[in-house]
Amino acid sequence: MPQLTAEELISVAEQVDLRGRGGAAFPVARKFSAVLEAVRTRKRAPMVVVNGAEREPGSAKDKMLLLRSPYLVLAGAVAAARALRARLILVGVTDAVVARSVSEAAAAEPGLARMVRVMEVPDRFVSGESGALVNAMNGRAPLPPGRSADASYSGVGHRPTLLSNAETFAQLAVLAMVGPEGYASVGTPAEPGTVLLTVGGAARRPAVVEVPSGLPLGEVLDLCGAEPADGVLVGGYHGSWLPEHAAYDAPISRAGLAAFGGTLGTGVVLALGRDSCPLGEVTRVAAYLAKESSGQCGPCKLGLPGIARSLAAVAEGSGGVDALDTVRRAAAAVRGRGACSHPDGAFRFVMSALDVFTDDLAAHLFRGGCGRPVSNFLPLPSVPGEARLTVDWTLCRGHGLCAHIAPEIVQRDRHGFPVMLDMPVPPWLERRARQAVKMCPALALRLIPADPAQMDGQVRRGRKARMLSAGHDPDADTVPDLVVSEDWIAEISSERAIPG
């Protein structure tokens with residue numbers, strides 16, 4: 001790796017308009033400049049953070065890089081750290097095997113061993129958001145801090161922090177090694193270089209693939225054996241659905257996908273085959289997005305569960321046009337009003353699905369269903385320790401107290417009996433769910449494991465065992481370099497002068 005100054009790195013990144021690959025596509029040169037300005041203004045040593053905590057269930061590109069090419073990612077991070085004169089590189093991951101891969105790669109190189117630290121963070125959808133990762137590394141709850149947070153000015157240890165995902169640092173390493181001209185030898189003039197995609201869903205050969213930008217998405221779908229009958233999700237669960245004909249023609253680039261109504265996002269491509277109900281698949285993910293919110297604002301606490309509930313009614317054939325209208329109004333209500341971008345992403349996912357799956361939607365509205373099963377082509381993780389509310393109908397008398405205590409997940413039908421949202425209890429609702437169980441006058445409410453496999457008398461660890469303050473997963477055969485503690489907080493906050 002050539003040793004480039006901060007100004008040289010900014011220049012080469014500007015020449016190829018290098019963008020972040022974590023979903024927001026923020027210009028790398030602007031982020032680098034902001035950190036450099038904060039370092040000069042505040043006179044504090046910066047941090048470099050590699051975000052390897054892929055929050056998307058369908059994404060595997062960062063994990064693949066950190067398992068197969070950890071030195072490429074670390075090379076980009078080292079180039080940035082040397083240019084900024086940062087002493088530490090922190091790598092946040094959610095997987096013990098990935099943590100071991102990065103730790104072993106760093107330990108094998110004396111220069112890296114002094115600089116690189118690896119931290120495991122909770123494996124939740126919102127934990128991969130940059131502000132949530134910073135919070136986790138600062139010993140706080142791994143939740144998004146809100147739209148006003150700026151890690152470039154004050155991030156880990158309240159220092160200026162350059163934070164990007166693993167692929168971004170890998171692309172930076174390639175750019176530094178081959179230069180702007182070499183980097184631009186593939187791809188389009190407007191968006192040079194390559195793109196990493198995670199292709200899955202109904203694909204017969206799911207894979208992480210690297211392609212030059214501008215390649216038609218149809219070629220990637222053919223390569224992976226994907227034959228979408230109804231649509232393709234591009235950009236992950238905060239992305240957009242494309243109809244089959246548009247998916248085959250759309251170029252793989254930010255501008256190319258946007259022209260067809262899509263977004264590159266995190267590079268997730270999930271094809272939906274003809275053997276599954278599209279509306280049922282969308283409903284599953286909508287409930288997952290509601291459950292995975294941080295519950296810090298009204299759109300997440302009330303809006304997303306409301307969308308999931310109305311979608312479920314439409315998918316079951318019981319909601320009709322009124323339920324569909326509720327979905328559209330609730331989705332419009334959460335857009336642009338959240339404490340982070342999560343409600344906006346859910347809006348794109350749901351509304352684009354309603355636009356693309358019109359035939360399936362009509363079948364559910366007017367015929368009660370499409371006749372196809374839900375084949376679970378869209379991946380959703382199973383989290384140990386999660387629970388869901390259930391009712392013993394031999395005891396329930398329709399008192400309605402549970403709906404009063406936890407209205408986000410329990411509603412009453414026209415007869416006054418509880419209707420549960422089909423999803424595990426969100427972390428932010430656990431206390432009130434337990435309260436509802438305890439206070440049920442008929443003792444009819446239960447909390448049961450969300451995963452049926454957990455009901456076999458096995459002793460399972462709860463969510464708290466995975467939190468940073470509780471240490472490391474005892475089943476993993478590696479130990480992360482960092483566990484948040486008072487000593488760690490003091491270490492990252494102590495040095496105020498820029499190292500010489």
Side-chain angles (χ1 to χ4, degrees), residues 1-2 4 6-33 48 50-52 54 56 59-80 83 130 162-199 207-221 223-224 234-236 239 249-260 262-269:
M1 285 290 295
L4 303 179
E7 289 74 15
E8 288 171 333
L9 269 182
I10 291 171
S11 175
V12 296
E14 284 180 335
Q15 289 180 55
V16 299
D17 191 23
L18 183 64
R19 300 294 185 100
R21 305 304 175 94
F26 194 82
V28 172
R30 283 176 54 190
K31 183 179 290 189
F32 211 100
S33 298
V48 172
V50 179
N51 187 352
E54 283 180 298
E56 285 279 355
S59 181
K61 62 188 179 74
D62 287 344
K63 181 178 181 179
M64 185 65 71
L65 278 171
L66 293 171
L67 287 173
R68 300 291 181 87
S69 302
Y71 286 118
L72 186 63
V73 178
L74 294 176
V78 168
S130 60
L162 179 68
L163 189 155
S164 287
N165 79 318
E167 186 194 349
T168 304
F169 281 108
Q171 295 283 357
L172 183 63
V174 173
L175 174 60
M177 286 188 287
V178 304
E181 291 186 3
Y183 191 87
S185 63
V186 296
T188 66
E191 298 181 33
T194 63
V195 177
L196 286 181
L197 302 174
T198 308
V199 184
V208 174
V209 297
E210 182 179 14
V211 299
S213 64
L215 187 76
L217 180 57
E219 293 192 28
V220 176
L221 294 173
L223 175 70
C224 295
V234 181
D249 294 337
I252 301 171
S253 65
R254 297 187 306 277
L257 288 168
F260 285 82
T263 175
L264 184 58
T266 54
V268 175
V269 178

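When only modelled atom types and interatomic distance are considered, E54 and S59 share a side-chain donor-acceptor pair under 3.5 Å. Between the side chains of Y183 and Q15, no donor-acceptor pair is found at a separation under 3.5 Å.
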Only distances under 3.5 Å count here; give the side-chain donor-acceptor pairs of residues 66-79 to other protein atoms, sequence neighbours excluded, each with its distance to 0.1 Å.
| residue | atom | partner | partner atom | Å |
| --- | --- | --- | --- | --- |
| Y71 | OH | A105 | O | 2.8 |

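In this structure, the side chains of F26 and S164 stay at 4.5 Å or more apart for every pair of heavy atoms. You'll find the side chain of Q171 reaches within 4.5 Å of the side chain of L18, heavy atoms only. Residues V50 and D62 are not in side-chain contact: their nearest non-hydrogen atoms beyond the backbone lie 4.5 Å or more apart. In this structure, D17 and R254 have side chains that are in contact, with non-hydrogen atoms separated by less than 4.5 Å. Counting heavy atoms from C-beta on, the side chains of V48 and F169 come closer than 4.5 Å. Put simply, the side chain of I252 does not reach to within 4.5 Å of the side chain of V269, judged on heavy atoms.
When the side-chain contact (heavy atoms from CB on, under 4.5 Å) test is applied to P212, the partners found at least two apart in sequence or on another chain are V186.
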Might you work through the side chain to side chain contact (heavy atoms under 4.5 Å, CB included) test for L65 and L196, ending with a clear yes or no?
CA-CA 10 Å; L65 278 171; L196 286 181; 3.7 Å; yes

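Between the CG atom of N51 and the OG1 atom of T168 there is a distance of 9.0 Å, given to the nearest 0.5 Å. Once rounded to the nearest 0.5 Å, the distance linking CD of E191 with CG of L264 reads 8.0 Å. For the atom pair CE (M177) and CG (L4), the distance works out to 11.5 Å, reported to the nearest 0.5 Å.
Checked options N165, V268, V195; the residue passing with K61 is N165 (criterion: side chain to side chain contact (heavy atoms under 4.5 Å, CB included)). Tested against V209, the residues T194, T198, L197 include a single side chain to side chain contact (heavy atoms under 4.5 Å, CB included) partner, L197.
Minimum heavy-atom separation, E14 to A29: CG-CB, 3.2 Å. Across every non-hydrogen atom of M1 and A176, the tightest pair is CE-CB, 3.6 Å. Closest heavy-atom contact between L9 and V12: O-CG2, 3.2 Å. A83 and F32 get closest at one heavy-atom pair: CB-CZ, 3.9 Å. Of all heavy-atom pairs spanning A184 and P192, the tightest one is CA-CB, 3.6 Å. Pairing each heavy atom of I10 with each of S33, the nearest pair is CD1-OG, 3.4 Å.
A donor-acceptor distance shorter than 3.5 angstrom exists from the side chain of S213 to the backbone of T188, with no hydrogens or angles considered.
For the salt bridge (charged side-chain N to carboxylate O under 4.0 Å, His left out) condition, no pair includes a residue of residues 210-219, sequence neighbours left out.
Counting heavy atoms of neighbouring residues, nucleotides and ligands inside a 6.0 Å radius, atom NZ of K31 exceeds 12 of them.
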